Amino acid sequence: MIIVSQEKDGIINFDNILVIRLSTDFETNKKNIIYVDCVGDEHFGIGKYGTEERAKEVLQKIIRQKSIFEYFKNAPRDMQNSIADDFIKQNIIFDTYEMPEK
C-alpha cells in the first residue's frame, strides 16, 4: 500500500514506514502534523490538520485502509476477484491512501 502526502508531492510505500506519529507544529504549538519515520532514518511530514483530534481521525483512517488492504492481499485467490469487484462498486481504492486536505 502507498500513502500520498497531503500536498500531493510525495508517495510513501507503507512497507518502508517504521512509525506514523503526531508531531508538534512549532509555529502554532499544536500537535497536529502527521509524520512518518521510514527505513533509512528518513522523516516526512505527510499532513497538517487544524486540531490534534482531526489528526488522530486521519491516523485511524490510515489504519482502517491498511487493514482493508491486508485483508484483500491475504484473502484466498478465488475470493480476491469478488472482493475487488465489491471495492470497485463502492469506489474504494484499497492499495492507496491519499491524505485528506483538512
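What you see below is based on every heavy atom in this structure, not just the backbone, and it leaves out hydrogens, waters and symmetry mates. What you are looking at is a predicted structure, and each value in this text was computed from that prediction instead of being measured.
- No continuous path of ILVMFWY side-chain contacts below 4.5 Å connects M99 to V4, so the two sit in separate hydrophobic clusters.
- Residue pairs meeting the side-chain hydrogen bond (donor to acceptor under 3.5 Å, both in side chains) criterion with at least one partner in residues 28-40, sequence neighbours excluded, are R21-D37, D25-T28, D37-H43.
- Atom CD1 of I3 is separated from atom OG1 of T96 by 10.0 Å, given to the nearest 0.5 angstrom.
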Pairs of donor and acceptor atoms involving the side chains of residues 54-61, under 3.5 Å and at least two apart or interchain, shall be tabulated with distances.
residue, atom, partner, partner atom, Å
R54, NE, K102, O, 2.7
R54, NH1, E57, OE1, 3.0
R54, NH2, K102, O, 2.8
K56, NZ, E52, OE2, 3.2

**Request:** Determine, stepwise, if the pair E98 / Q6 fulfils side-chain contact (heavy atoms from CB on, under 4.5 Å).
**Result:** CA-CA 7 Å; E98 291 193 23; Q6 190 178 56; over 6 Å; no

Would you be so kind as to tabulate the donor-acceptor pairs closer than 3.5 Å made by side chains of residues 9-18, with sequence neighbours excluded?
residue, atom, partner, partner atom, Å
D9, OD1, S5, OG, 2.9
N13, OD1, D15, N, 2.8

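- Considering only residues two or more places apart in sequence or on other chains, E27 meets the salt bridge (Lys or Arg N to Asp or Glu O under 4.0 Å) condition with none of them.
- Residues F44 and I20 share a hydrophobic cluster, clusters being chains of Ile/Leu/Val/Met/Phe/Trp/Tyr side chains in contact below 4.5 Å.
- A donor-acceptor pair is defined here as one N or O able to donate and one able to accept, closer than 3.5 Å; no such pair exists between the side chain of Q65 and the backbone of Y97.
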